[in-house]
Every structure is written in structure tokens, then in C-alpha cells.
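Okay, so here's the structure we're looking at.
No hydrogens, no waters, no symmetry mates; every other heavy atom, side chains included, goes into these values. Chain letters run A, B, ... following the sequence lines, proteins first, then strands; residues in each count from 1.
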There are 2 protein chains.
Amino acid sequence: MSARSLTIGRLADSAGVNLETVRYYERIGLMPAPARTEGGHRSYEPEHAQRLRFIRRSRELGFGIDAIRRLIALSEPGVQACCEVRDMAQDHIASVDAKIEDLQRLRKVLRQAVADCSEGGRVRCPVIDELGSS
Amino acid sequence: MSARSLTIGRLADSAGVNLETVRYYERIGLMPAPARTEGGHRSYEPEHAQRLRFIRRSRELGFGIDAIRRLIALSEPGVQACCEVRDMAQDHIASVDAKIEDLQRLRKVLRQAVADCSEGGRVRCPVIDELGSS
DNA sequence: CTTGATCCTGTAGCGGCTACGGGTTGTAGC
DNA sequence: GCTACAACCCGTAGCCGCTACAGGATCAAG
């Protein structure tokens with residue numbers, strides 16, 4: 001166990017990720033299986049920490065596991081794949097845009113229903129009516 | 001079987017919901033168990049269709065199953081619960097707002113990385129660098 | 001050497017469906 | 001009335017991305 005080795009707990013903490021998630025990532029092949037101590041405990045090197053941070057950051061930005069797999073492959077040194085990465089990011093931006101628009105639309109409906117609620121004089125609940133419509 | 005009865009397939013179609021989803025809703029108690037034909041097929045009345053549309057609409061607006069359960073209870077005739085419904089809607093709007101802001105933030109990061117990409121002169125991929133940072 | 005924190009594996013659960021497989025019923029046409 | 005085939009039945013398993021156990025082994029500090 002070298003001086004820079006990390007236990008799974010420290011690794012997880014250092015990347016801001018749940019410990020069980022690290023094992024999950026290993027199981028699905030997103031993190032490489034690390035060396036083990038004699039007793040069978042996982043022993044990570046600093047490059048594992050970097051990889052895990054990369055994954056966490058990608059997740060935060062909304063990339064799915066498969067996309068991250070591709071991003072990792074494309075980020076290997078020696079691979080000239082900036083264009084592909086940019087295309088993936090652009091696709092992802094498009095889907096984020098779509099999601100934002102969806103949410104804005106439904107927010108508008110909800111706001112309208114709530115606003116109707118605050119006006120007096122109605123017999124029934126405008127929010128319930130909105131849900132019942134269509 | 002009355003003239004207005006519906007099979008599960010017609011019910012599902014009429015509400016724009018997958019047939020299996022209807023059975024799922026019954027299993028989790030979101031839809032009431034309907035009458036059955038002699039042969040055991042489900043037989044729905046028009047009020048089931050209305051309920052199912054209510055659920056679908058609520059899902060479209062992003063309410064979770066538990067929230068819908070409460071909304072259904074509050075929408076029972078005789079319940080004066082417009083304020084509670086409005087509060088639920090407002091809470092939901094707040095969470096939608098938060099989600100929109102999250103997505104807008106990450107969109108900004110992605111756009112910046114892609115924009116950096118389009119400028120020449122960089123040695124490494126700015127998107128990959130962004131993912132590796134932090 | 002003891003204690004207690006950390007680690008191990010395996011499995012099951014979450015939400016909200018969706019998709020089988022293998023069997024039974026309903027219904028339209030002849 | 002009979003046949004064909006669509007539509008239904010139930011139960012179970014899978015999807016994503018984790019998270020949370022249980023029941024045990026190991027590690028490190030005192």
C-alpha cells in the first residue's frame with residue numbers, strides 16, 4: 001500500500017460521492033477495479049480519485065452513464081476526439097433545453113391555476129379543475 | 001356489463017395511458033379495483049376514465065404518486081380543501097423552479113465549454129477539461 | 001490485545017413504469 | 001354454433017442510478 005493510496009471511504013469523500021456508489025461504479029465498469037490489500041480491502045491511487053471526480057462532475061452536468069463511458073474513452077490521452085466530445089455536449093445541451101422548456105410550460109400552467117385560486121368567487125378549486133381537464 | 005362500461009384497453013386509450021400502467025395504478029392503489037366480467041376481465045365505468053385522466057394530467061405536471069394520492073383525496077366532492085391544494089401546487093412550483101435553475105446553470109457551463117471548443121489554439125479539449133475540473 | 005470504525009459481499013428496494021411469457025376470455029365473421 | 005384471433009388475465013423481471021440494508025471480516029489506534 002503506497003503512501004498515496006486511499007481507502008474506498010476516503011476516495012468517496014474526496015470526490016464527494018457516496019461510498020456505495022463507488023462500488024456500484026466498479027460493478028458496472030465505470031470505475032476500474034482497484035488493487036486490494038491482503039485483507040481484501042480496495043486500495044485506490046490518485047488517478048482513481050481524478051476519474052471519480054470526472055464522473056461526478058459529468059453526472060452533475062446531467063450526462064447518463066453510457067455517455068460518461070464514451071466521454072471517458074474520449075478523454076484518454078492520445079485520443080484526438082474534441083469534436084466528438086463537443087458534439088456530445090451539444091446534443092446534451094439540446095436535451096437540457098427541451099427539458100427546461102417542458103418545465104417552463106408546466107410551471108406556467110401551475111401558476112395560472114394557483115393565481116385563479118387566489119381570486120375569489122369561484123365555486124370549485126381551480127387547481128383541481130385544471131388537473132381534471134383534458 | 002352496462003352500456004357505458006370500458007375494457008382496460010379502451011380505458012387506457014381514452015386517457016392516453018399505457019394499459020400496463022393502468023394495472024400498475026390499481027396495484028399501488030391509485031386506481032380503484034373495478035368490477036369484473038364473469039370471465040374476470042376488468043370492467044370500468046366513466047368515472048374511472050375521469051380519474052385516470054386526472055392522474056395522467058397530474059403526472060404530466062410533474063406531481064409524484066404520493067402527491068397525486070393526496071390530490072385525489074382533496075378533490076373528493078364535499079372536501080373543502082382548495083387552500084391545501086393550492087399549497088401543494090405552490091410547493092411543486094418551487095421545486096420546478098429549482099429544477100429549471102439547476103438546468104440553466106448546467107446549460108451555461110456546457111455552452112461555455114462548447115464555445116471554448118470552437119475557438120482555435122487550444123491544446124486539449126475544453127469540454128473534457130471542464131469535466132475534469134473541481 | 002481490544003475496541004470500534006471501516007471495510008467486505010450480496011441482495012433488495014426506491015419511483016414510475018414497461019415488457020415479457022404463458023395462459024384464458026371476448027367477439028366478429030361465417 | 002364454431003372458429004379464429006384480438007384482447008385480456010396474472011406474475012415476474014427489467015429499466016436507471018443509485019441507496020440501504022444484513023451479517024460478517026479487517027484495519028488502525030490506544
Side-chain angles (χ1 to χ4, degrees), chain A residues 1-3 5-31 33-44 48 51-52 54-72 92 95 99 102 106, chain B residues 1-3 5-31 33-44 48 51-72 92 95-96 99 102 106:
Chain A
M1 202 163 177
S2 95
S5 300
L6 295 165
T7 64
I8 190 171
R10 286 185 193 288
L11 177 83
D13 284 352
S14 83
V17 163
N18 190 309
L19 183 151
E20 323 247 28
T21 303
V22 179
R23 285 201 282 254
Y24 169 71
Y25 286 161
E26 180 180 330
R27 213 164 48 240
I28 64 171
L30 202 53
M31 285 289 289
R36 299 283 183 137
T37 65
E38 287 202 355
H41 286 199
R42 289 171 179 81
S43 176
Y44 293 95
H48 290 106
R51 170 104 155 218
L52 186 55
F54 183 96
I55 295 168
R56 197 215 56 189
R57 187 87 176 112
S58 302
R59 288 291 304 132
E60 277 175 7
L61 290 176
F63 287 99
I65 298 293
D66 278 351
I68 297 175
R69 256 186 251 279
R70 267 171 278 146
L71 288 171
I72 287 172
H92 185 48
S95 79
K99 206 169 289 171
D102 277 358
L106 72 84
Chain B
M1 201 170 178
S2 94
S5 301
L6 294 165
T7 65
I8 191 172
R10 286 184 194 290
L11 177 82
D13 284 352
S14 83
V17 163
N18 190 310
L19 183 151
E20 322 247 29
T21 303
V22 179
R23 285 200 283 253
Y24 169 70
Y25 286 160
E26 180 180 329
R27 215 165 45 240
I28 64 172
L30 201 52
M31 286 288 288
R36 298 282 184 137
T37 65
E38 287 202 354
H41 287 198
R42 289 171 180 81
S43 177
Y44 293 96
H48 290 104
R51 171 105 154 217
L52 186 55
R53 277 193 298 273
F54 183 96
I55 295 169
R56 198 214 56 188
R57 186 88 176 111
S58 303
R59 288 291 303 132
E60 277 175 6
L61 290 176
F63 287 99
I65 298 293
D66 278 351
I68 296 175
R69 258 186 249 278
R70 267 171 278 147
L71 288 171
I72 287 171
H92 186 47
S95 79
V96 170
K99 207 169 288 173
D102 277 358
L106 70 86

From Arg53(B) atom CZ to Ile55(B) atom CD1, the distance as rounded to the nearest 0.5 Å | 11.5 Å
Going by heavy atoms in the side chains, are [X] and [Y] under 4.5 Å from each other?
X        : Y        : answer
Leu30(A) : Ile72(A) : yes
Tyr44(A) : Leu52(A) : no
Arg42(A) : Thr7(A)  : no

Integer-rounded Å distance: dG16(C) C1' and Glu26(B) CD =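 Going from Glu26(B) (CD) to dG16(C) (C1'), I get 17 Å.
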For the student: nearest non-hydrogen atoms of [X] and [Y], plus distance:
X         : Y        : result
Leu106(B) : His92(A) : CD1-NE2, 4.4 Å
Arg56(B)  : Val17(B) : CG-CG2, 3.6 Å
Met31(B)  : His48(B) : CE-O, 3.5 Å

Under 4.0 Å between a side-chain N or O of Thr37(A) and OP1 or OP2 of dC7(C)?
-> no
Treat primed atoms plus P, OP1 and OP2 as sugar-phosphate and everything else as base, then score nucleotides 7-24 of chain D 5' to 3': B for base contact with protein heavy atoms under 4.0 Å, S for sugar-phosphate contact only, - for none.
-> -SSS------BBBBB---
Determine which pairs satisfy salt bridge (Lys or Arg N to Asp or Glu O under 4.0 Å) with at least one residue from residues 7-23 of chain A, sequence neighbours left out, and list them in order.
-> Glu20(A)-Arg23(A)
Take the C1' atoms of the five end pairs on each side of the helix from dC1(C)-dG30(D) to dC30(C)-dG1(D), derive the two axes, and give their angle rounded to 10 degrees.
->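 Helix axis angle between the two ends: 10°.
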